[in-house]
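Before any comments, here is the structure.
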Amino acid sequence: MLAKFLRWFRRDAIRVGTDLEGNSYFRAFAKGVDGRERRYVQYANNKYSDEFEQMRRIPVQWQAWLHHTRQIPPKIEDLIAEQERQEALKRLDQQNSDKATNVEQSFPESQPTPEPRINAPASDFKPGQWAPPKPASR
């Protein structure tokens, strides 16, 4: 038991939180080169083969904390509220796309616009021959 207690003091970082996918976020005791505390993420599993794909899956709130934009780590309630907001936006987007489809189906297809007729062949054109009409005098 004493060994577990002493091991706690020798840790190099503390866990500050997790996200909804189970990723853990840490604050290191050692300072970085720039003098700020080091912050990093430990991914829950490697179901994504690409490291960039894993980084893309980090919630925005945690990305802000990792990049020292946000000083306080986000709470799980913040993450749940953000996920619910995104799901509501997806539902609204689906409803709007359904409405747009219904509107498109209710109008008959418009007739294609005819090509403009050219009165003179291109070989008759001489640069400088045409001038815009003069504005009407007042």
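Everything numeric in this text was worked out from a predicted model, so none of it was measured.
- Taking hydrophobic clusters as Ile, Leu, Val, Met, Phe, Trp and Tyr residues chained together by side-chain heavy-atom distances below 4.5 Å, L20 shares a cluster with V41.
- The shortest non-hydrogen separation linking P59 to D19 is CD-OD2, 3.4 Å.
- F26 shares a hydrophobic cluster with Y40; the chain of contacts runs through ILVMFWY side chains whose heavy atoms sit under 4.5 Å apart.
- Rounding to the nearest 0.5 Å places NZ of K90 at 7.0 Å from CD of E87.
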Can you give each donor-acceptor pair under 3.5 Å made by side-chain atoms of residues 74-86, sequence neighbours left out, with the distance rounded to 0.1 Å?
from: D78; atom 1: OD2; to: R70; atom 2: NH2; distance (Å): 3.2
from: D78; atom 1: OD2; to: K75; atom 2: N; distance (Å): 3.3
from: E82; atom 1: OE1; to: R85; atom 2: NE; distance (Å): 3.2
from: E82; atom 1: OE2; to: R85; atom 2: NH2; distance (Å): 2.7
from: E82; atom 1: OE2; to: Q86; atom 2: NE2; distance (Å): 3.1

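- Residues A28 and A13 share a closest heavy-atom pair of CA-CB, 3.7 Å.
- More than 12 heavy atoms of other residues, nucleotides or ligands lie within 6.0 Å of CZ in R39, so this atom counts as buried by the packing criterion.
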Report all side-chain donor-acceptor pairs from residues 61-69 shorter than 3.5 Å, counting only partners two or more places apart or in another chain.
from: Q63; atom 1: NE2; to: M55; atom 2: O; distance (Å): 3.4
from: Q63; atom 1: NE2; to: I58; atom 2: O; distance (Å): 3.1
from: H68; atom 1: NE2; to: E37; atom 2: O; distance (Å): 3.2

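- Residue L89 qualifies as enclosed at atom CG: its count of foreign heavy atoms under 6.0 Å is above 12.
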